[in-house]
Protein chains: 2
Amino acid sequence: MKMEGGSTPNALLGLLSLRPMSGYDIRQMVAQSIGHFWSESYGQIYPGLKRLAAAGLVEKKTERNKGKPDRNLYSLTAEGRERLHEWLKIPVSDEVARNELLLKLFFGAHVSTSVNRDHVASNMEFHQRALKVYTATAKQLRKEEANDPNLSYWLMTLNYGRHYSVAMLKWCRETLAELDEIESKGKRRR
Amino acid sequence: MKMEGGSTPNALLGLLSLRPMSGYDIRQMVAQSIGHFWSESYGQIYPGLKRLAAAGLVEKKTERNKGKPDRNLYSLTAEGRERLHEWLKIPVSDEVARNELLLKLFFGAHVSTSVNRDHVASNMEFHQRALKVYTATAKQLRKEEANDPNLSYWLMTLNYGRHYSVAMLKWCRETLAELDEIESKGKRRR
DNA sequence: GAGATCATGTAATATGTTACATGATTTT
DNA sequence: AAAATCATGTAACATATTACATGATCTC
């Protein structure tokens, strides 16, 4: 009954703690709720649920529907809930997240400034879009989930995103200015 | 001769563009230079170099040493350099980085506030340490690599880290305050 | 003499995405 | 009639870490 340390099965347990869901539901839920810092593909979700069921951490109930296809609804068992709580207590390992933008920028001297500028500019657009989503989602949550005990925690994760995107926009502006300077220096030298 | 889209082989090409290196060197170099946004393990590096050599993108020269073990020095070929440049031009795909801290915090209502506080506090310490490293590294680079054409780009990646960590420290402080509030509310209710 | 560092590499394992396969219903 | 959505699942492939295996020299 050894359950691996991976966070994916624990993410599944966490999501099922909100309400019983099918694999399909989970995929949608991830995109809507934790999509700004997490992702799961069907190839992880379906086999993952199966393994969790085999370990007795979740329970499967097949819901038959006329017309629509059957849904396999999974819900947390007492043991599953306990396992989730245990995992939540384990300290988060701070490992470096790989950042392809920075990797390309680190070797940026090999290509023209315009190439680097494009990378930074599209990152800037990304964070501008993200900021709008964070603001809208926070507003919506405050209204629709006003009494949910999870609300404060959900807002914390949104606030993380907000701080992050604001900082990144500032960095993008600074970096674009620096790239302009590099370019004008290059021209002067010619 | 199909080369995969993965960024690891391209990271290797980039590092070898700085100077010829052995697999061992590369590991050290990653930790020192791009360690705050990238990581590579030996299990990726050695087989990776082998594949790059087979594809003609790098060249291997064995350096025999008295006493010390032999070193396999790899250097970029013209084709490898070209491949690196091509890759640098490809737009960066903005996919969500998984964040385990946020995942745990999202489900934070299941555990006590002190558990959540611990997670945030250790993240705070992480960024305090990181900030010191960024500052020290920037200072050192400005001195030692003053004439390197890469300098500006290296400083950009460090500046990214600085902005990021500053923002995260702010978020940590806000979040710790919010957790304190949640706790005092919980006590009042009893 | 014990442990760290130099140095290379493979094997086992873990983790993850994408493509494929299927098929009904609902929307345009 | 076509396309999107609902729904489940597997197989192939890609990517990455960790443990193992080896052995010398250098430092305490």
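Proteins come first, then strands; the chains are lettered A, B, ... in the order of their sequence lines, and each starts at number 1.
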As a quick check of understanding, evaluate side-chain hydrogen bond (donor to acceptor under 3.5 Å, both in side chains) for A:Tyr160 and B:Asn99, giving each step before the final call. CA-CA 11 Å; A:Tyr160 182 105; B:Asn99 187 321; 3.1 Å; yes
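For the pair A:Arg27 and A:Tyr42, the cation-pi criterion (under 6.0 Å, within 45° of the ring axis) is fulfilled.
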Base, backbone or nothing for each nucleotide of nucleotides 4-11 of chain D, written B, S, -, heavy atoms under 4.0 angstrom, 5' to 3'? -SBBBBS-
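Among B:Leu105, B:Ile182, B:Thr175, the one residue that satisfies the side chain to side chain contact (heavy atoms under 4.5 Å, CB included) test with A:Ser152 is B:Ile182.
Panel note: side chain B:Ser184, backbone B:Glu181; a donor-acceptor pair is recorded below 3.5 Å.
Neither OP1 nor OP2 of D:dA16 sits under 4.0 Å from any side-chain N or O of B:Ser39. Of the side-chain N and O atoms in A:Ser41, none sit less than 4.0 angstrom from OP1 or OP2 of C:dT18.
In this structure, B:Gln44 places its CD atom 17 Å from P of C:dA14, rounding to the nearest Å. Atom CD1 in A:Ile45 sits about 14 Å away from atom C1' in C:dT15, given to the nearest Å.
Atom CG of B:Leu76 and atom CZ of B:Arg83 lie 12.0 Å apart (nearest 0.5 Å).
Ring pair A:Phe106/B:Trp154 is parallel by interplanar angle, where below 30° counts as parallel and above 60° as perpendicular.
Within 4.0 Å of A:Arg98, counting heavy atoms only, lie sugar-phosphate atoms of the nucleic acid but no base atom.
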